[in-house]
*Asks:* 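Provided herewith is a single structure, encoded as structure tokens, for subsequent inquiry.
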Amino acid sequence: MLNKKRIFVKKMEYNFTSIEKKWNANWKETKAYVVSNDSSKKPFYVLDMFPYPSGAGLHVGHPLGYIASDIYSRYKRLKGFNVLHPMGFDSFGLPAEQYAIETGQHPATTTEKNISTFKAQLDKIGFCYDWEREVRTSDPSYYKWTQFLFLQLFKSWFNPNTNKAESINSLVEFFEKNGGENFSASEWKNYSHKQQQEIIMNYRLAFSAYGEVNWCEALGTVLANDEVINGVSERGGHPVIKKKMRQWYLRITAYAERLLEGLNTVDFSESMKEMQRNWIGKSEGCEMVFEVNNSNGNSQSFIKVYTTRPDTIFGVDFLVLAPEHELVDKITTSEQRESINDYLTYVKSRSDRERMSEVKQITGCFTGAYAINPFNGNKIPVWIAEYVLAGYGTGAIMAVPCGDQRDYLFANHFKISITNIIGDHFDGTQANPTKEATLIESDFLNGMLMKDAIKVAIEKIEFLGIGKRKINYKMRDAGFSRQRYWGEPFPIKWQDGVAIALEETQLPLELPHVEKYGPGPEGEGPLANIENWKTEMLETSTMPGYAGSSWYFLRYMDPKNATAFCDRKVSDYWGQVDVYIGGTEHAVGHLLYSRMWTKVLYDLGFIGFDEPFKKLVNQGMIQGSSRFVYRIKGSQTFVSFGLKDQHEVDELHVDVNMVDGLELDVNAFKIWKPDFAEADFLLEEGKYICGSEVEKMSKSKYNTVNPDDLVLKYGADTFRMYEMFLGPIEQSKPWDTKGIEGVHRFLRKLWRMFNDDVKGIIWNEEKATDAELKILHRTIKKIESDTENFSYNTAVSAFMVAVNELTDIKCFKKEVLEKLLILLAPYAPHIAEELWSQLGKEGSVLDAHYPAFEEKYLVETNKEYPVSINGKVRTNINISLTADQAAVEQIVISNEIIQKWLEGKQPKKIIFVKGKMINVVI
RNA sequence: GCCCAGAUGGCGGAAUUGGUAGACGCAGCAGACUCAAAAUCUGCCGUUCGCAAGGAUGUGCAGGUUCGAUUCCUGUUCUGGGCACCA
């Protein structure tokens, strides 16, 4: 008897394990998530930033964005859209190669293994990906098209007149007709093929050039600027130096202005846009030429400077050239020759790292030469200094110490006298970069506000023919080659120093097998070790990580197309990615590159839109919350957190999963670290309290939490909802598993609205009352708007409120519950589907119609008005919503509590805001 | 140094065309059910004065605007993120 009852109770419980298993199998079998390109429904494209399949697998931070996008996809589907929600893997890259070097395993093997781990983990959480559309950037059938697109870039140039990319043929035609910047049409025709090709290379959107690159000796490769942080490699922290090498580049600078303008048409967060704007670094100013007064008998020289502040031309006290500037040698006087040479030697001895880390150090050297200020004929000394960079502007500046702090410090250090052109705005102790001062000692600019004088000065400079208006960008062309193995080979052959594109029919140029993954000779990549590759003169470097990720969103649309990277009709159907979800770490890398590629493909007519992502949502980073134990130095004794200051202790990371809050499970710890099985533990109030700190989530810090464990313990639906319940999606926060119980309790409570432990099935088909429909419709309204706004934490709380309220009034009516299940389906799809079938509904809840919100159920006749006296709430009075000011005043004044506060006085004023509140001013 | 975002109970957070601060959840306390535990249910839960009724105070800090400020303005401190000799 007792046994029977037990079984019965068990049967009615919320058994998430079997429910989730059952419906995952069902959805797979019915191909519930397969998406068609041929639909009468409106398309909607929701995309996650695809992951790099690392060996470590997923931790709880990864799914945050994936859950958010999954909810949105499912929601849009219920709203009647044909939703594209794919997933794939960014599977080329350095870590797999590093791992290959260490273990000798082929990166393809380890990558394959990692991907299957990732997929298994993702599937447990119940995402609605159409796996038939999966892409992998390291798959030849994918990188065939990466190579194809590279060739399009190679065969195109940016025509500044049309402001877009065009075929390189149009450039050749132009040269044949009109010649180029330094050559005539007939000269062009007389150039050798090689000479012509060298000129053309300077225009290609993907081009090869010798350039200073970030060379990392330890990694044996060249790194992009954004892979170098403070002079060391982002990955591994190895030193990085400048080295001249032949490299491939993308001419992203040609698109600087369009990348900037495009930001006005997309829905990215302001800070994300700001980051991109800063990276592009547009500055408006002018170039102008200073003649050098030659005292050492050389031919005449001119120094071209770039400035954003031509209004300060009369405050110029010296010019500064970058040490690498080509005129340095020519203008240096014999008296200064030795000092200059010493200084140049010093500069060369300094690595980039030192230059960056010692920014505040002031160094420089006088060349002995003087330039002439074209406006007043003053002699201006010409210096060289590290703080002027060869790579920006013209590599030369006009220094205005009263307005620029670096110039001020320099003048101060080398005792150069300072001209003040802004009067009281300059106090002599530091520069003042204001644009609001009125200019003095400035000839034709006298009396003008600096911001107005900028325009006047430029006009004068242009009029005199000594310079012109000029816009500069900080952004550099993007390095596009790596001396590495695990990346896309370039479809390029070298013949007599000329790069030749492979025919498209020769693609994919497959990555050959190599015996060893170490670098080739002379800093070349591993491919240089392959004899065939060398004899065929193929390019030995490979493409960087961002090559495949710059266009993957297009391949998802048409993943199996063997004749095109994506059919134009298909990309026209899906259009831009409607919502793109991912972290902020790709703000200036991936996002800029994919925006550029999209613009090129648009210009060339391959696609019909020139921004890839309509809306970008940045999920915050889930940080790890590390726990520490403290061991007295050299002993086997651990002391609790509060006692550690009394001893000299070592701090050790301890696995966060064996700590409840801050209290360590000492036995679990002893099992985890058998070395300490016999250790002593000094406790506080019977507990061992750990120290804690927020750090990046990583295996080595023992602060990772695996989603698999939580799914096993609470189910995927609880896990999904808890991740969303943590707080606003874009906010970073440390992970804390405490609290997941609350969400789990909510789902069990929902379950009990359908199934009672004792009574069995309790949902019924009774007609819902107005009060019940009011709860329902308030919930519909709230969930719908919260989901639209990605405010998932408040949506989860709205579900809790609805379930609490309906349970309180014992409303278990199908009419209400079935609508609630549809609302819930995007968040907790498994339980929603199970209960939906228990209600006897036809079909899947995935394809139900989203319930329509009806205002009529929310209409109120009365309101509990808060009534305050001088702004402090003293009581609530229930008043009809139709009452006017006079009626309200009457009611309020006659109220007992208000009368008490009035103490017989007349109120000065009664403020009545209909539907909001009442304030009595005494 | 520059740019951006933020600061609300013991904790995660909610509420901004200015209108009852602390929704929802966690943790905690008290109680019911139980032989007991789990599960579940009920009540309390910013601080402070008070037996209570009720009052005072309270959204980083200091001011201001307003009948009324977490919300707007000025200044300031701290935290997180980005950029950094870019002329």
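A note on names: the letters A, B, ... follow the listed sequences, proteins ahead of strands, and every chain is numbered from 1. These figures come from a predicted structure and were not determined experimentally.
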*Asks:* Closest approach of A:Tyr593 and A:Ala478, non-hydrogen atoms and distance?
*Replies:*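 Where A:Tyr593 meets A:Ala478 most closely, the heavy atoms are CE2-CB, 3.5 Å.
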*Asks:* Heavy atoms from C-beta onward define the side chain here; which of B:A87, B:C41, B:U42 lies closest to that of A:Asp808?
*Replies:*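 Per side-chain heavy atoms of A:Asp808, the pick is B:U42.
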*Asks:* More than 12 heavy atoms of other residues, nucleotides or ligands under 6.0 Å from NZ of A:Lys781: yes or no?
*Replies:*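 No, not enclosed.
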*Asks:* Taking the P atom in each of B:A56 and B:A21, what is the distance between them to the nearest angstrom?
*Replies:*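 Those two atoms are separated by 13 Å.
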*Asks:* What integer number of Å spans the C1' atoms of B:G12 and B:G28?
*Replies:*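 Going atom to atom, C1' in each nucleotide, I get 16 Å.
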*Asks:* Indicate syn or anti for B:G9, taking the glycosidic torsion and treating anything within 90° of 0 as syn.
*Replies:*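 Here the answer is syn: the torsion falls within 90° of 0.
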*Asks:* Could you tell me the Watson-Crick or G-U partner of B:G6, where both distances fall under 3.5 Å? Say none if there is no partner.
*Replies:*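 Its partner is B:C78.
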*Asks:* How far, in whole Å, is B:G58 from B:U47 if one measures between their P atoms?
*Replies:*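 The same atom, P, in both gives a distance of 16 Å.
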*Asks:* Report which part of the nucleic acid A:Lys916 touches: base, sugar-phosphate, or nothing (heavy-atom distance under 4.0 Å, all strands).
*Replies:*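 Sugar-phosphate, backbone atoms only, no base.
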*Asks:* Return the 5'-most residue of the pair A:Tyr392, A:Gln623 with respect to RNA chain B, ranking by each residue's nearest nucleotide.
*Replies:*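 Checking each residue's closest nucleotide, the 5'-ward one belongs to A:Gln623.
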*Asks:* Which listed nucleotide (B:C3, B:G19, B:A87) is nearest to the side chain of A:Glu274?
*Replies:*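 When the side chain of A:Glu274 is considered, B:C3 is the closest of B:C3, B:G19, B:A87.
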*Asks:* Taking the inter-plane angle between the rings of A:Tyr827 and A:Tyr792 on a 0 to 90° scale, is it parallel (under 30°), tilted (30 to 60°) or perpendicular (over 60°)?
*Replies:*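 Rings of A:Tyr827 and A:Tyr792: perpendicular, as their planes differ by over 60°.
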*Asks:* Might you work through the ring pair (Phe, Tyr, Trp, His ring centres under 6.0 Å) test for A:Tyr346 and A:Tyr343, ending with a clear yes or no?
*Replies:* CA-CA 5 Å; A:Tyr346 158 78; A:Tyr343 185 68; 5.8 Å; yes
*Asks:* Strictly by Watson-Crick or wobble contacts shorter than 3.5 Å, is anything paired with B:G12, and which nucleotide is it?
*Replies:*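 Pairing partner, where one exists within any strand: B:C24.
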*Asks:* How would you label the contact of A:Thr584 with the nucleic acid (heavy atoms, under 4.0 Å): base, sugar-phosphate, or nothing?
*Replies:*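 Nothing, no heavy atom under 4.0 Å.
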*Asks:* Where the side chain of A:Arg748 is concerned, which of B:U40, B:U20, B:C85 is the nearest nucleotide?
*Replies:*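 The answer is B:U40.
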*Asks:* Mind checking if A:Arg277 touches a base, just sugar-phosphate, or nothing, with heavy atoms under 4.0 Å?
*Replies:*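 A:Arg277: no heavy atom of the nucleic acid under 4.0 Å.
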*Asks:* May I ask which nucleotide in the shown strands pairs with B:C51, Watson-Crick or G-U wobble, both distances under 3.5 Å?
*Replies:*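 Partner of B:C51: none found under 3.5 Å.
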*Asks:* From the list B:A87, B:A21, B:C41, which nucleotide is the closest neighbour of the side chain of A:Ser283?
*Replies:*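 Of the candidates, B:A87 comes closest.
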*Asks:* List the steps, then state whether ring pair (Phe, Tyr, Trp, His ring centres under 6.0 Å) holds for A:Tyr714 with A:Phe16.
*Replies:* CA-CA 8 Å; A:Tyr714 299 101; A:Phe16 50 85; 7.7 Å; no
*Asks:* For A:Ile911, report the nucleic acid contact type (base, sugar-phosphate, nothing); a contact means any heavy atom under 4.0 Å.
*Replies:*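 It contacts base atoms.
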*Asks:* Mind listing the N/O atom pairs, protein and nucleotides 22-27 of chain B, below 3.5 Å?
*Replies:*
from  : atom 1 : to       : atom 2 : distance (Å)
B:G25 : OP1    : A:Asn804 : ND2    : 3.1
B:C26 : OP1    : A:Arg745 : NH1    : 2.4

*Asks:* Could you say whether A:Lys749 or A:Gly727 is positioned toward the 5' end of RNA chain B, judged by the nucleotide with the nearest heavy atom to each?
*Replies:*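 Nearer the 5' end of the strand: A:Gly727.
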*Asks:* Quick check for you: among B:G19, B:C67, B:C4, whose closest atom lies nearest to any side-chain atom of A:Val921?
*Replies:*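 Minimum distance to the A:Val921 side chain belongs to B:C67.
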*Asks:* A:Phe318 vs A:Phe410, test: ring pair (Phe, Tyr, Trp, His ring centres under 6.0 Å). Steps then yes/no.
*Replies:* CA-CA 10 Å; A:Phe318 52 101; A:Phe410 194 84; 5.4 Å; yes
*Asks:* Between atom NZ of A:Lys733 and atom CH2 of A:Trp735, what is the distance when rounded to the nearest 0.5 Å?
*Replies:*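 The NZ atom of A:Lys733 sits 10.0 Å away from the CH2 atom of A:Trp735.
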*Asks:* Knowing that exactly one of A:Ile67, A:Thr794, A:Val743 qualifies, which makes a side chain to side chain contact (heavy atoms under 4.5 Å, CB included) with A:Met724?
*Replies:*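 Output: one option passes, namely A:Ile67.
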*Asks:* Any base atoms under 4.0 Å from A:Lys872, or only sugar-phosphate, or nothing? Heavy atoms, all strands.
*Replies:*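 The residue A:Lys872 makes sugar-phosphate contact but no base contact.
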*Asks:* Searching all strands shown, indicate the nucleotide that pairs with B:C72 (Watson-Crick or G-U wobble; both distances under 3.5 Å).
*Replies:*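 Matched B:C72 with B:G64 under the 3.5 Å cut-off.
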*Asks:* Inspect the surroundings of NZ in A:Lys914 and state if more than 12 heavy atoms from other residues, nucleotides or ligands are less than 6.0 Å away.
*Replies:*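 Atom NZ in A:Lys914 is crowded, with more than 12 foreign heavy atoms closer than 6.0 Å.
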*Asks:* Side chain of A:Met275 only, heavy atoms from C-beta on: which candidate in B:G13, B:G82, B:A87 is closest?
*Replies:*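 Among B:G13, B:G82, B:A87, the one nearest the side chain of A:Met275 is B:G82.
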*Asks:* Is the distance from OP1 or OP2 of B:A87 to the nearest side-chain N or O of A:Tyr387 less than 4.0 Å?
*Replies:*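 Checking B:A87 against A:Tyr387, no side-chain N or O comes under 4.0 Å of OP1 or OP2.
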*Asks:* Both distances under 3.5 Å, Watson-Crick or G-U wobble: report the partner of B:A32, or none.
*Replies:*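 Result: B:U40.
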*Asks:* Select one nucleotide: of B:C67, B:G19, B:A87, the one nearest the side-chain heavy atoms of A:Met917.
*Replies:*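 For A:Met917, the side-chain atoms sit closest to B:G19.
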*Asks:* Is the distance from OP1 or OP2 of B:G13 to the nearest side-chain N or O of A:Gln731 less than 4.0 Å?
*Replies:*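 Yes.
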